[in-house]
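Scroll down for the structure; my scribbles are underneath it.
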Amino acid sequence: MTGHPRNRFILIAIASYVVFGLLWILLSDHLLLLFADVDALTRLSTAKGVFFVIATAALFFFLLRAVPQRDAMPRESLLGALTFSIDRERRPHWFLYLFAVVITAAVLLLRLTIPVDLGTRPMLILFMLPIVLCALLGGLGPGLFATLLTAAATDLMAVPHFHSATASAYAQLQWASLVLNGLGVSLLSAMLHRSLAKQEVNRRMLDVVVSGNTDAVFVKDAQGSYLLANAAAAAFVGKPVQDIIGQDDRTLFDAASAQALISKDRDIMAAGMVQTSEEQLTLPDGKAMVFLVTKGPMSDGKGRVNGLFGIARDITERKRVELALKEAAVVFDSSYEGIMVVSPAGRITKVNTAFTRITGYSAEAAVGQTPALLSSGQHDAAFYREMWESVRRHDFWRGEIWNRRQNGELYSELLSISVVRDEQGQVSHYIGIFSDITQQKAHEAELEHIAHFDPLTNLPNRRLLSDRLGQAILHSTRSGKSCAVCFLDLDGFKAINDQYGHAAGDQLLIGVSANLKTVLRADDTLARLGGDEFVVLLVDVGGSEECVQVLERLLAAIRQEVDLGDTVVRASASIGVSLYPQDNVDADNLLRHADQAMYLAKDAGKNRYRMFDPESDRKSQEQRKELEQLRHALANDEFVLYYQPKVSLDSGDIIGAEALIRWCHPERGLVPPGAFLPLLHGTELENAVDEWVINTALAQASAWHDAGLSMRVSVNVSAGYLLAPTFYSDLARALQCHTNVPPEHLELEVLETAAIADMGQAVAIMQRCRKLGVRFALDDFGTGYSSLTYLRKLPVDTLKIDQSFVRDMLNDADDLGIVEGVIQLATVFERQVIAEGVETLQHGAVLRRLGCHLVQGYGIARPLAADAFPSWCRQWQTDAAWHTLGEAS
């Protein structure tokens with residue numbers, strides 16, 4: 001606490017006051033003891049007290065005014081603080097002279113209260129107090145004024161006056177001593193004031209230098225504690241000045257930095273010499289700083305080192321900049337890219353070694369020249385205007401440019417130009433950084449060619465064709481003319497490749513490509529997709545007629561002889577063509593449609609072309625869509641079976657029911673089989689639907705059997721499913737799942753018109769199925785072209801007369817003859833016969849007369865839902881409509 005100037009001043013002031021008070025009490029009390037008179041003692045004590053109050057009040061006033069601020073520098077002495085506190089506050093001189101009058105009057109009153117004659121025993125030593133105080137506080141003027149005032153007052157009050165001849169020599173000697181002492185004190189005080197003023201001026205100048213310095217200024221004692229630190233030093237460590245004074249480096253820096261500072265300070269004080277060095281310090285917050293520090297020892301009056309001073313300048317940023325400059329110099333010199341620095345006047349001021357390596361120009365040859373030294377002449381003035389306009393607008397430009405080396409060789413470079421500005425925003429220089437990309441450009445061109453051209457024939461490949469086809473479509477849209485995509489596939493290329501070898505096959509592809517080029521226009525494109533597949537893109541085609549003429553020329557060109565070295569061959573091709581905008585699709589679909597048309601040309605006999613028909617494709621698309629809907633319907637149980645009864649016209653017995661599929665479409669309602677079954681023909685879905693029908697019909701027959709209705713069901717089976725490898729196992733598994741249904745109650749109907757590709761296989765499968773107990777019927781008999789062949793070979797039990805004959809036999813003699821012939825044929829081959837399409841009872845009467853007793857049709861019943869079939873059976877037996885057939889005939 002006592003280390004601060006303010007605290008020291010307070011302690012000194014209190015100590016001085018205590019000493020003054022004690023001395024005053026002791027001396028004044030001993031003086032009062034000289035007088036025995038009680039009244040005199042009382043008066044004297046009062047006067048003493050009044051004087052003490054006045055004197056101490058004045059003293060406290062000056063002491064309080066002289067208390068230093070907390071951040072003030074230390075004073076030389078208490079006296080200096082007292083005297084210069086008056087000067088600092090610029091007190092008027094009259095105040096000091098008024099103080100001289102008051103303090104002199106107080107002492108004079110005190111003396112007059114002492115009952116001792118002033119003339120005989122003057123006691124003038126008391127009057128030295130106001131003289132000394134005024135001289136110390138005010139200097140020469142107030143001291144002399146207090147001396148003259150005291151001399152005049154004492155002389156005036158003395159009887160006889162001190163200056164008179166009657167005064168005693170002893171009194172005159174004291175009076176003269178008072179005046180002389182006053183003069184001496186005033187002169188000494190004036191000298192002291194001048195010395196203190198000079199010291200204060202020097203101190204203030206030093207304080208300004210230290211406080212105003214941006215460098216850290218500090219003083220340490222021999223133990224390393226800080227005695228002085230300026231604001232800059234405090235700012236560096238982030239603490240107030242008062243928190244630094246009295247502390248050492250351990251509280252300001254990390255342990256390693258503090259130990260290094262302490263060791264360095266000891267070495268400097270031991271060496272006794274001023275030293276300048278760089279010091280790296282780490283603050284407690286982790287911030288690293290670098291200082292340029294000048295330190296030197298401080299000595300006392302006897303030459304002993306008792307501390308250390310130091311001035312530290314923060315050079316952290318400067319070191320960073322120096323390091324950055326060194327790194328930049330290394331980067332500049334070792335950069336693989338060429339670098340040139342150009343002045344605002346457009347002159348090259350500096351280049352690196354890579355510049356010389358790339359351009360061939362040495363630094364001596366380039367410096368002082370303009371960048372036009374490298375100009376290749378490949379760019380016009382507009383290019384350079386645009387480049388420098390970008391530099392002026394954005395302070396940057398980057399792009400590719402052709403330049404010329406010193407040996408005249410052209411090279412391509414990737415150049416970036418940057419603008420460097422000074423603190424005022426003016427251009428200080430331009431920096432150009434470039435790299436030689438000549439080989440890269442050549443490699444890119446090679447890769448570009450590889451990416452877009454076929455390596456064997458050097459024709460555009462699929463990628464380039466796709467790009468040109470897209471452009472052709474846009475051009476066709478704008479011009480109104482057509483463009484044609486011609487997909488070519490060589491006929492018999494594999495045979496030529498196998499016979500003559502792959503090298504000969506490649507030579508054939510090259511020769512065909514060359515022949516095709518001779519008949520194409522400049523704007524047309526011939527591309528190779530791979531293998532023996534080519535595509536010709538024709539633009540600005542007037543229509544299909546003009547396209548046909550080009551196609552004939554293409555076929556003729558392909559048929560030209562190609563020399564394979566050892567032999568000469570001729571080739572042919574099948575061509576598929578799609579026209580845009582007649583076929584208004586995108587590029588990929590145009591190519592796909594041409595590919596489809598090409599396969600049609602191959603199927604038609606090869607060496608020809610086929611035009612793609614968008615309408616046929618639309619129908620195919622619709623068919624695929626409907627097939628997908630049917631696949632969805634099967635997966636979601638949207639199919640249902642209806643059952644049409646089969647009856648005997650003789651007995652009226654219900655001999656069975658034909659299962660007929662329907663589609664419960666969620667939007668279209670109940671869809672008849674004729675609307676969707678043709679779509680299934682020849683597809684995998686057809687087999688799945690047939691399998692579902694067999695399983696569903698057997699399940700229904702099983703349910704009827706459990707309900708007391710034993711009913712034979714017949715199911716239509718497609719030729720494809722019949723010949724499928726899994727048909728027999730699927731059928732056996734279905735029968736096994738419904739053991740309560742006798743196998744002979746399942747009849748499989750095969751259409752006579754079905755194209756059974758392998759008759760032997762069909763017969764074998766049907767015979768295996770018959771061993772299971774399953775019966776077979778030949779449906780729609782009489783509509784095919786090989787009825788007798790089917791009848792003779794196929795192991796069928798029943799012939800079904802097609803409804804087309806039955807429906808019109810009452811009005812058409814031919815149909816009646818056919819029906820009669822089929823009945824007789826069934827009798828000859830010992831087959832059961834059943835007629836479908838019986839619309840009226842009259843139809844039934846005629847059929848029974850001809851010998852056909854089994855029928856089905858709308859005249860008997862329409863197809864019924866499964867839950868309605870049992871009630872119909874009961875109603876049929878109740879109505880007994882077959883009894884009226886004799887009347888109908």
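- For D498 and K494, the salt-bridge test passes: some basic side-chain N is under 4.0 Å from an acidic carboxylate O.
- The residues E622 and K625 are annotated as not salt-bridged, no charged nitrogen and carboxylate oxygen being separated by less than 4.0 angstrom.
- Other residues, nucleotides and ligands place more than 12 heavy atoms under 6.0 Å from the CZ atom of R770.
- Under the rule for a ring-ring contact (aromatic ring centres under 6.0 Å, His included), F493 has no partner lying at least two apart in sequence or in another chain.
- Using modelled atom types, one finds no donor on one side chain facing an acceptor on the other under 3.5 Å when comparing N811 with D808.
- Scored by the side-chain contact (heavy atoms from CB on, under 4.5 Å) test, R559 finds L555, A556, N607 as partners (sequence neighbours excluded).
- Ion pairing of D730 with R733 is present here, as a side-chain N (NZ or NE/NH1/NH2) and a carboxylate O approach within less than 4.0 Å.
- Under the side-chain contact (heavy atoms from CB on, under 4.5 Å) criterion, D540 pairs with H475, S479, K481, not counting sequence neighbours.
- Contact record, I575 with A601: O-CB, 3.7 Å, taken as the closest heavy-atom pair.
- Of the residues I801, V717, N716, the one that meets the side-chain contact (heavy atoms from CB on, under 4.5 Å) test with D779 is N716.
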Worked verdict on E658 versus K800 for salt bridge (Lys or Arg N to Asp or Glu O under 4.0 Å)
CA-CA 12 Å; E658 181 180 2; K800 293 190 72 174; 3.0 Å; yes
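- Using a 4.0 Å cut-off between a side-chain N of Lys or Arg and a carboxylate O of Asp or Glu, R528 and D454 qualify as a salt bridge.
- When only modelled atom types and interatomic distance are considered, S804 and D802 share a side-chain donor-acceptor pair under 3.5 Å.
- In this structure a side-chain-to-backbone donor-acceptor pair under 3.5 Å is missing from R849 to L847.
- Inter-residue side-chain proximity for I654 and W872 is flagged as met; some heavy-atom pair is nearer than 4.5 Å.
- A side-chain donor-acceptor contact under 3.5 Å links Q471 and D467.
- No hydrogens or angles considered: a donor-acceptor pair under 3.5 Å links the side chains of D491 and S574.
- The backbone N or O of I473 sits less than 3.5 Å from a side-chain atom of T477, completing a donor-acceptor pair.
- Taking E626 as the reference, nothing meets the salt bridge (charged side-chain N to carboxylate O under 4.0 Å, His left out) condition, with sequence neighbours excluded.
- Looking only at distances, no side-chain donor or acceptor of W692 sits under 3.5 Å from a matching main-chain atom of D637.
- Every residue meeting the side-chain contact (heavy atoms from CB on, under 4.5 Å) condition with Q767, not counting sequence neighbours, appears here in chain and number order: V763, P795.
- Among residues two or more places apart in sequence or in another chain, the side-chain contact (heavy atoms from CB on, under 4.5 Å) test is passed with N740 by S702, H705, D706, H738.
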